[in-house]
Amino acid sequence: MITEKEAIYYELLVLRCRRGEKNALEELIRNWERRLFYYVRRLVDNEQDAWDILQEVWLKVIRGIKSLREPRSLPPWLYRIARNTAMSHFRTQHSKLVLINENENTSYIDENNEHFHFEDAEQVHYGLSRISLPHRDVLTLYFLQDLSLEEIAEVLEVPMGTVKSRLHYAKSALRTVLEKEGRNEQ
Amino acid sequence: MNSNAYQSFRDQLLESEQFNLSYKEKYEKEVQAMIERKLTGIIKLPHIIGLITGLVLTIFFGAFAIIVPILEKGFPFQGRFICAMGAVFGLITVIVEGRILKKGTINLKKDYLSRAGLDLVVLGILAILVFVISGGLLDRLMGVQMLALLLFGEVAVAVAMLQAVIVRSELNTREKLLGIEYRLAELAEQITKK
């Protein structure tokens with residue numbers, strides 16, 4: 001979720017990129033590199049592949065930034081490119097994701113009833129590697145805090161209700177993993 | 001968790017990510033090359049051809065503008081002028097292409113605009129050349145046809161250049177407006193914090 005100031009900044013940055021300013025492209029990459037790498041790394045097993053995918057993402061961004069209709073929607077656009085690039089890189093994983101989507105329970109979950117907070121980033125980082133890919137996918141986008149639920153739905157190409165239910169199950173899965181880990185440590 | 005807490009949580013999460021430095025260095029080099037549009041291999045070829053053409057034009061027209069009037073006393077002034085223009089054009093081409101090849105990168109904003117300007121100049125020279133020659137042609141109709149064709153080309157390039165200039169100025173205005181909007185948003189944020 002971005003503030004008005006950030007939205008203007010993104011629009012300005014996109015405009016400068018469209019004018020072919022090298023500095024603007026460098027700024028865009030510098031600002032988003034870590035977040036996109038984190039996201040892509042959660043989707044693929046191999047680090048080398050993640051860097052290759054990220055490189056491909058920037059190539060697509062450089063080529064496509066001129067056709068970005070709504071510059072303020074830069075964050076979901078970047079995550080969508082990252083996700084699609086990762087998915088086309090690993091088509092088998094993609095089919096696995098689709099399969100899980102089809103069998104998913106999309107009943108509405110009231111998030112306000114969830115009295116559970118994740119505060120230890122390192123534990124969450126560890127836990128993310130232990131949960132299923134679709135759960136990891138949605139939860140990473142959620143924790144990176146750049147997108148609203150609506151935008152996450154847009155990136156994942158699923159309805160908003162699915163995002164809410166998937167987030168609920170993903171949080172439960174992560175909590176279970178972390179609790180199990182905590183018990184093992186004791 | 002409030003927004004700031006989330007912000008720091010996200011930063012902590014990002015810091016938890018470990019990566020191999022050699023992979024990252026390789027990636028950074030490749031991304032940098034991508035941004036700079038380095039001239040490598042086949043991409044260099046049109047610029048090399050441009051440079052050679054420019055050199056040939058400079059020598060050919062330059063020699064024509066200097067030597068021919070000495071050898072032939074009745075050589076018309078217009079002909080000499082056109083040859084001199086051709087030599088100047090060739091020289092500009094050599095400078096533009098030489099600069100691009102020396103840098104090894106293309107500046108999308110400046111280099112392509114100067115090349116478009118060169119295209120406009122070359123068409124202009126050709127139009128003048130045909131205009132002069134057509135006066136002495138036996139087949140006047142053919143001369144007029146050639147001239148019309150060149151003028152059409154000249155207008156097309158000029159329109160394309162004009163469009164590019166309009167788009168650039170529109171972007172400049174939008175950029176300035178956004179700059180003001182950004183500063184206002186910054187001020188509003190500071191006031192809210194106080």
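Everything numeric here is computed off the predicted structure, so don't read it as measured data. In what follows, chains are A, B, ... by sequence order, proteins preceding strands, each numbered from 1.
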Problem - Structural part of A:R35 lying under 4.5 Å from a heavy atom of chain B - result: both
Exercise for the section: Check whether any side-chain heavy atom of B:L14 sits under 4.5 Å from a side-chain heavy atom of A:L144, and report yes or no. Expected result: yes
Practice task
Kindly give the heavy-atom pair with the smallest separation between B:E181 and A:I8, and that separation in Å.
Solution key: O-CD1, 3.6 Å
Problem - No-hydrogen, no-angle side-chain donor-acceptor test under 3.5 Å, A:E47 and B:Q18 - result: no
Exercise for the section: Answer whether the closest heavy-atom distance between the side chains of B:F19 and A:F37 falls below 4.5 Å. Expected result: yes
Handout entry: Cationic N near anionic O, under 4.0 Å, B:E17 to A:R34
Key = no
Problem - Per-residue contact mode, A:R63 against chain B (heavy atom under 4.5 angstrom) - result: neither
Problem - Side chain to side chain, A:Q48 and B:K26, heavy atoms closer than 4.5 Å - result: yes
Handout entry: B:N20 to A:W51 - nearest heavy-atom pair and separation
Key = O-NE1, 4.4 Å
Problem - Minimal non-hydrogen separation, B:E175 against A:L12, with atom names - result: O-CD1, 3.5 Å
Handout entry: Note, A:H125 side chain near B:E15 side chain (heavy atom, < 4.5 Å)
Key = no
Exercise for the section: Select one option (side chain, backbone, both, neither) describing which atoms of A:I29 are under 4.5 Å from chain B's heavy atoms. Expected result: side chain
Practice task
Could you look at A:Y126 and say if it's the side chain, the backbone, both or neither that has a heavy atom under 4.5 Å from chain B?
Solution key: neither
Practice task
For residues A:E4 and B:E189, determine if any side-chain heavy atom of one lies less than 4.5 Å from a side-chain heavy atom of the other.
Solution key: no
